[in-house]
2 protein chains.
Amino acid sequence: MNIGEAASASGVSAKMIRYYESIGLIEPPARTEAGYRVYAGEDVHALRFVKRARTLGFSIEETRELLALWHDKSRASADVKAFALKHIGELETKIAELQGMAQTLRHLAHNCHGDHRPDCPILEDLADPAGAGRH
Amino acid sequence: MNIGEAASASGVSAKMIRYYESIGLIEPPARTEAGYRVYAGEDVHALRFVKRARTLGFSIEETRELLALWHDKSRASADVKAFALKHIGELETKIAELQGMAQTLRHLAHNCHGDHRPDCPILEDLADPAGAGRH
DNA sequence: ATGGTCCTTCCCATCATGGGAAGGTCAAGG
DNA sequence: CCTTGACCTTCCCATGATGGGAAGGACCAT
């Protein structure tokens, strides 16, 4: 299987497959005499693992640790669970941050007439967060 | 006021102030004969505007548009409101994505014993999302 | 005049991904 | 047998926002 086929089979672009190889995230595959990369079913399996981890928001370095746990047949499930819970915590922190932004903006937008007049509490808040909203 | 003072007065690092200037987000300030940047109160005001916009999750390019709206005395508040609502929508999309990730991981972690045994639904899902959970 | 703290510009690194150029390879069809 | 088109290779560059740090100049208090 060439890289293009491995890409469509795994959902990881050929570009990223080469990149993952260059940073040592995945094993370098065999090569043909002409230098073409040749992938086996197991390689595609690893690529799908990486794709899934990235989709769940794990960074590449975290994905590297997950791959190590995956290959370590003797790991304790507690280790994997702790890793996942830590990541969940980070996701929740990020979510809370974004929700804070959205909430502030919703409040400002709610107080903005949204008509032809120029007065706008949104810009007033940006210009002077402490003073905006005063009358 | 030197750049360091403007930085602590605005909450924007000196490094970023220079960067914002280099990309034309803020006006180049006056200079002393020796080449030092000299900031006035109005400059710090603009920097705080930028800082606030960034804190609310606007990109630099979006911040550029907000600055333009701010300086355009004749804009309609409806334009600003529409801009804010669009950004709120993007924030909500991002939040939903992250919540999807967190929810999936919570589900997987919930089904993981988290003990000394190696069996782990989390890794099974990463390795085979479609098949994990089968018995 | 000396030292410490500020300032200047310039280059490099991050993280993950894509774009594209220049050139080699392979398979199909004339 | 040769061309054509689709693939592959490596290499460099760009993104977005920020920080780190070097080399050198400026300012100020002792």
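Just so you know, these numbers use all the heavy atoms, side chains as well, and skip hydrogens, waters and symmetry mates. Chain identifiers are assigned alphabetically (A, B, ...) following the order of the sequence lines, protein sequences preceding nucleic acid strands; residue numbering begins at 1 within each chain.
Heavy-atom nearest nucleotides on DNA chain C were determined for A:S13 and for B:A14, and the one closer to the 5' end corresponds to B:A14. Where B:K15 and B:E5 each meet DNA chain C at their nearest nucleotide, the meeting point lying more 5' is that of B:E5.
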Between the protein and nucleotides 24-30 of chain D, which nitrogen or oxygen pairs come in under 3.5 angstrom?
residue, atom, partner, partner atom, Å
D:dG25, N2, B:Y36, OH, 2.9
D:dA26, O4', B:Y36, OH, 3.2

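Straight-line distance from the OH atom of A:Y39 to the C1' atom of D:dC8: 11 Å, rounded to whole Å. Here the C1' atom of nucleotide C:dT8 and the CD atom of B:E21 are 12 Å apart, to the nearest Å. Taking atom CG on A:N2 and atom C1' on D:dC7, their separation rounds to 8 Å, with Å as the unit. Separating the CD atom of B:E62 from the P atom of D:dG16 is a distance of 12 Å, rounded to the nearest angstrom. Atom CD1 in B:I17 sits about 15 Å away from atom P in C:dC6, given to the nearest Å. Between A:E61 atom CD and C:dT14 atom C1' the separation is 12 Å, expressed in whole Å.
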Residues 42-49 of chain A, side-chain donor-acceptor partners within the protein, below 3.5 Å, at least two apart:
residue, atom, partner, partner atom, Å
A:D43, OD2, A:A40, N, 2.8
A:H45, NE2, B:A127, O, 2.7

Side chains of residues 23-39 of chain B: which donor-acceptor pairs under 3.5 Å do they make with residues two or more places apart or in other chains?
residue, atom, partner, partner atom, Å
B:R31, NH1, B:G35, O, 2.8
B:T32, OG1, B:A34, N, 3.3
B:T32, OG1, B:G35, N, 3.4
B:T32, OG1, B:Y36, N, 3.1
B:R37, NE, B:E21, OE1, 2.7

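Note on B:R18: a base of the nucleic acid sits closer than 4.0 angstrom, heavy atoms only.
Considering only side-chain N and O atoms, B:R37 lies under 4.0 angstrom from the phosphate OP1 or OP2 of C:dT8. Look at A:Y19 and you won't find any side-chain N or O under 4.0 angstrom from OP1 or OP2 of C:dG18. Proximity of B:R31 to the phosphate of C:dT9: a side-chain N or O atom is located under 4.0 Å from OP1 or OP2.
Among residues at least two apart or in separate chains, salt bridge (charged side-chain N to carboxylate O under 4.0 Å, His left out) pairs with a member in residues 57-75 of chain B are B:E61-B:R64.
A donor-acceptor contact shorter than 3.5 Å links the side chain of B:D115 to the backbone of B:R117.
Between A:E92 and B:R106, at least one side-chain N (NZ, or NE/NH1/NH2) sits under 4.0 Å from a carboxylate O, which counts as a salt bridge. Under a 4.0 Å N-O distance rule, the pair B:E90/B:K86 qualifies as a salt bridge.
Summarising the geometry, atom CG belonging to A:D79 is positioned 9.5 Å from atom OG belonging to A:S74; distances are rounded to the nearest 0.5 Å. With values rounded to the nearest 0.5 angstrom, B:D119 atom CG is found 13.0 Å from B:N111 atom CG. To the nearest 0.5 Å, atoms OG1 (B:T63) and CH2 (B:W70) are separated by 12.0 Å. Note: B:I122 CD1 to A:L85 CG = 7.0 Å, rounded to the nearest 0.5 Å.
Closest heavy-atom contact between A:S10 and A:I17: OG-CD1, 4.4 Å. The nearest pair of heavy atoms linking B:H113 to A:K81 is O-NZ, 4.1 Å.
Candidate nucleotides C:dG18, D:dG20, C:dT8 were compared by shortest atom distance to the side chain of A:M16, and C:dG18 ranks first. The listed nucleotides are C:dG19, D:dT18, D:dG20; the one nearest the side chain of B:I60 is D:dT18.
With the end axes of the helix from C:dA1-D:dT30 to C:dG30-D:dC1 each set by five pairs, the angle from one to the other reads 30° at 10° resolution.
Near DNA chain C, defined here as any heavy-atom distance below 4.0 Å, the residues from residues 51-59 of chain A are A:R54, A:S59, listed numerically.
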